[in-house]
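Data first, discussion second: the structure below is written as structure tokens.
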Amino acid sequence: MREIFAGLPWWVKWVAVPVIALVVFGGLIATVVGFVIGLLFKVLVFVALVGGLIYLVRKFMGNSSSRSDW
């Protein structure tokens with residue numbers, strides 16, 4: 001592989017090849033990035049909802065002293 005790139009100009013190695021790779025694999029890269037961002041958003045929403053639930057349970061459990069046997 002090094003022999004193939006050895007005789008090529010620098011702009012082919014550092015500009016043309018990455019551009020071709022982005023054109024060929026651009027859809028796949030966009031899909032993977034979109035999936036990761038969507039997954040991170042869902043994890044963030046899950047953490048926020050669980051945190052809110054814990055906050056509400058502690059708030060209401062703290063107000064009722066009769067249920068302190070839990």
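Side chains are part of it too, since the values below use all heavy atoms of this structure and drop only hydrogens, waters and symmetry mates. Quick caveat: nothing in here was measured; it's all calculated off a predicted structure.
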For this session: Could you give me the CA-CA distance, side-chain angles and deciding distance for Leu40 and Leu44, then say whether side chain to side chain contact (heavy atoms under 4.5 Å, CB included) is met?
Result: CA-CA 6 Å; Leu40 287 175; Leu44 183 64; over 6 Å; no
Out of curiosity, does [Y] fall in the hydrophobic cluster containing [X] (side-chain heavy atoms, cut-off under 4.5 Å, transitive links)?
| X | Y | answer |
| --- | --- | --- |
| Val33 | Phe25 | yes |
| Leu8 | Trp14 | yes |
| Trp10 | Val17 | yes |
| Val12 | Ile4 | yes |
| Leu56 | Phe46 | no |

Quick one: list whatever passes side chain to side chain contact (heavy atoms under 4.5 Å, CB included) with [X], sequence neighbours left out.
| X | result |
| --- | --- |
| Val24 | Ile20 |
| Val45 | Phe41, Leu49 |
| Tyr55 | Lys59 |
| Val47 | Val43 |

For this session: For Pro18 and Val15, work out which heavy atoms get closest and say how close.
Result: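 Minimum heavy-atom separation between Pro18 and Val15: CD-O, 3.4 Å.
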